[in-house]
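Reviewing the structure listed below.
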Amino acid sequence: MDHQNPNDPPLPSPPSSTTAILDSPLNAVGFEIEILSPHRVSGRIVVSPKCCQPFKVLHGGVSAMIAEALASIGAQMAAGFKRVAGFHLSIDHLQSAEIGDLVLAEATPLSLGKAIQVWEVELWKAKSSSVERRDLVASSRVTLLCNMPVPKHAQPLVDTLKRLAKL
């Protein structure tokens, strides 16, 4: 077994996923962010026991968490990386997603005002590896206040989001 010489520079850490960096609750349930832009934030989750309710289907609270998280990330980018806060979430759960199902999610803005933004987020089951929208699982609307200053302690996260975003 190789041992690193203490005089050598430290080895790089394994790369962290975008989701782990930006949103630890999403990461904890297995969600993976794929696209980051001020006009679209998307990702995927394979339904597993860690994101299910007792009937072995995707928990509605997890769907709501995905919706609010994706809308918040998109709104922050669209607001010029200012602090955002969701103040209204409306979600319709249309059908279940079972263990093993691949669920895709996409957030897009409906209104990008200077103080208030409204985002639509859809979650749907994918058929095999296709990203074609079929079998809508949930549809939501998230309204956010988006003109607040970023607290000093949160600035490193904003800087990381700027690096990861496709602007």
Side-chain angles (χ1 to χ4, degrees), residues 17-47 51-53 57-98 101-127 129-151 154-167:
S17 79
T18 299
T19 310
I21 295 166
L22 296 178
D23 195 300
S24 55
L26 279 185
N27 187 60
V29 296
F31 190 85
E32 297 175 26
I33 295 171
E34 296 177 320
I35 294 175
L36 283 171
S37 83
H39 303 288
R40 181 176 174 218
V41 180
S42 67
R44 64 181 55 219
I45 187 169
V46 175
V47 180
C51 62
C52 283
Q53 44 98 311
V57 296
L58 182 64
H59 195 292
V62 172
S63 297
M65 179 176 65
I66 291 168
E68 179 137 4
L70 297 187
S72 295
I73 291 167
Q76 186 174 22
M77 288 184 286
F81 296 95
K82 293 187 178 169
R83 181 178 178 197
V84 299
F87 64 86
H88 184 77
L89 168 68
S90 169
I91 187 164
D92 294 307
H93 302 285
L94 305 169
Q95 71 173 282
S96 62
E98 299 175 351
D101 285 342
L102 172 62
V103 174
L104 305 175
E106 180 178 84
T108 54
L110 296 175
S111 175
L112 295 176
K114 290 183 180 182
I116 304 282
Q117 293 185 25
V118 180
W119 284 68
E120 178 179 54
V121 185
E122 291 185 337
L123 284 78
W124 68 96
K125 287 190 276 190
K127 298 292 185 189
S129 62
S130 169
V131 295
E132 185 178 327
R133 290 178 188 224
R134 299 183 189 194
D135 301 331
L136 197 59
V137 172
S139 177
S140 63
R141 194 166 281 197
V142 183
T143 306
L144 306 106
L145 182 61
C146 59
N147 61 354
M148 299 176 290
V150 174
Q155 192 58 50
L157 181 61
V158 171
D159 296 339
T160 298
L161 180 57
K162 285 179 182 178
R163 278 196 322 275
L164 294 170
K166 295 187 182 346
L167 302 177

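Nothing here was measured: the structure is a model prediction, and the numbers come from that model. The figures that follow rest on heavy atoms only: side chains count, while hydrogens, waters and symmetry mates do not.
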Gap between atom [atom2] of [Y] and atom [atom1] of [X] - 0.5 Å precision:
X: Ile21; Y: Thr160; atom1: CD1; atom2: OG1; result: 6.5 Å
X: Ser90; Y: Glu120; atom1: OG; atom2: CD; result: 11.0 Å
X: Leu112; Y: Leu144; atom1: CG; atom2: CG; result: 10.5 Å
X: Glu68; Y: Ser140; atom1: CD; atom2: OG; result: 9.5 Å
X: Leu102; Y: Lys125; atom1: CG; atom2: NZ; result: 11.0 Å
X: Met65; Y: Leu89; atom1: CE; atom2: CG; result: 12.0 Å

Practice task
Given side-chain contact (heavy atoms from CB on, under 4.5 Å), test Leu70 with Ser42 step by step and report yes or no.
Solution key: CA-CA 7 Å; Leu70 297 187; Ser42 67; 5.7 Å; no

Handout entry: Given Val103, Leu26, Val46, Val29, the one that forms side-chain contact (heavy atoms from CB on, under 4.5 Å) with Cys51
Key =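 Testing Cys51 for a side-chain contact (heavy atoms from CB on, under 4.5 Å) against Val103, Leu26, Val46, Val29 leaves exactly one candidate, Val29.
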
Between [X] and [Y], is any pair of side-chain heavy atoms under 4.5 Å apart?
X: Leu110; Y: Trp119; result: no
X: His39; Y: Thr108; result: no
X: Leu157; Y: Leu22; result: yes
X: Leu36; Y: Leu161; result: yes
X: Ser63; Y: Ile91; result: yes
X: Val142; Y: His88; result: no
X: Val137; Y: Ser96; result: no
X: Pro151; Y: Arg83; result: yes

Handout entry: Audit row: Val41, Glu106, side-chain contact (heavy atoms from CB on, under 4.5 Å) steps and yes/no
Key = CA-CA 6 Å; Val41 180; Glu106 180 178 84; over 6 Å; no

Practice task
Ignoring hydrogens and angles, state whether a donor on the side chain of Trp124 or Glu122 is under 3.5 Å from an acceptor on the partner side chain.
Solution key: no

Exercise for the section: Work out which heavy atom in Val84 is nearest to a heavy atom in Ser72; give both atom names and the distance. Expected result: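 Between these two residues, the closest heavy atoms are CG2-O, 3.5 Å.
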
Exercise for the section: Work out which heavy atom in Met148 is nearest to a heavy atom in Leu145; give both atom names and the distance. Expected result: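 Residues Met148 and Leu145, closest heavy atoms: SD-CD2, 3.9 Å.
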
Exercise for the section: Using side chain to side chain donor-acceptor pair (under 3.5 Å) as the criterion, point out the one residue from Arg163, Lys162, Gln155 that pairs with Asp159. Expected result: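 Result: among Arg163, Lys162, Gln155, Gln155 is the only option passing the side chain to side chain donor-acceptor pair (under 3.5 Å) with Asp159.
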
